[in-house]
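Structure first, then comments.
Just so we're clear, the structure is a prediction, and the values are computed from it rather than from any experiment. Note that the numbering runs from 1 along the sequence shown for the chain.
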Amino acid sequence: MMSYQWLDTWWWPYVFIAVAGWLATDLWRWLGVVVGARLKDDSLLLIWVRAVATALVAAVIAKLVLYPSGELKHVPVALRLLALGLGFAAFLALRQRVWVGIAVALAVLIGGQLLLG
């Protein structure tokens, strides 16, 4: 007779999360490889996917700036908006390098917090 006692072991939730996470993401990766090989870079479907992905990233950034959680909640809104604006300006000014925009925004946030005490 089969026993389910191994479901009560300490390691079972970790195995379940790893397998379920792998299956959930790997399926979409392989589907993307199969379908993506047939798409042209300028196809309407790919343009739409990029637009949706960009909108989702913009929404997450707006939520983090306007409705933050954790320690960022204690930073004034004006400082968060200033850091966002200066980080984006640096991103555009220095050949659209993401790390430059992030570094400038972090420097403004940290510097502003140190100045405000």
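- Among residues two or more places apart in sequence or in another chain, the side chain to side chain contact (heavy atoms under 4.5 Å, CB included) test is passed with Leu84 by Ile61, Val65.
- Between Ala24 and Trp28 the shortest heavy-atom distance is O-CD1, 2.9 Å.
- Annotation: side chain of Val100 is not in contact with side chain of Phe91 (no heavy-atom distance under 4.5 Å).
- For the side-chain contact (heavy atoms from CB on, under 4.5 Å) with Leu23, the lone residue among Asp26, Thr25, Val19 that qualifies is Val19.
- The neighbour count for Leu44 CG, taken as heavy atoms of other residues, nucleotides or ligands under 6.0 Å away, does not exceed 12.
- Residue Leu56 is not grouped with residue Tyr67 when hydrophobic side chains (ILVMFWY) are merged at heavy-atom distances under 4.5 angstrom, including chains of intermediate members.
- Every side chain to side chain contact (heavy atoms under 4.5 Å, CB included) that Val34 has, sequence neighbours left out, goes to Arg38.
- In terms of heavy-atom proximity, Ala90 sits nearest to Val104 at CB-CG2, 3.6 Å.
- In this structure, the separation between CD on Gln96 and CZ on Phe88 is 8.0 Å, given to the nearest 0.5 Å.
- Listed here is the closest heavy atom pair of Pro76 and Leu116: CG-CD1, 3.7 Å.
- Lys40 contributes atom NZ, which lies 12.5 Å from atom CG of Leu46 (distance to the nearest 0.5 angstrom).
- At a threshold of 4.5 Å between non-hydrogen side-chain atoms, the residues Leu81 and Leu66 count as touching.
- Tracing side-chain contacts under 4.5 Å through hydrophobic residues (I, L, V, M, F, W, Y), one never reaches Ile17 starting from Trp22; they form parts of separate clusters.
- Across Arg50 and Asp41, no two heavy atoms sit closer than the pair NH2-O, 2.7 Å.
- Counting heavy atoms from C-beta on, the side chains of Lys63 and Val60 never come closer than 4.5 Å.
- Looking at heavy atoms from C-beta onward, Pro68 lies out of side-chain contact with Val75 at the 4.5 angstrom threshold.
- Considering CG of Leu106 and CH2 of Trp99, their distance stands at 12.5 Å, rounded to 0.5 Å.
- Considering every non-hydrogen atom in both Leu64 and Leu72, the closest pair reads O-CD2, 3.6 Å.
- Val33 and Leu31 are not part of a single hydrophobic cluster, where members link through side-chain heavy atoms under 4.5 Å apart.
- Taking CG of Leu82 as the reference point, atom CZ of Arg80 lies at 12.5 Å (rounded to 0.5 Å).
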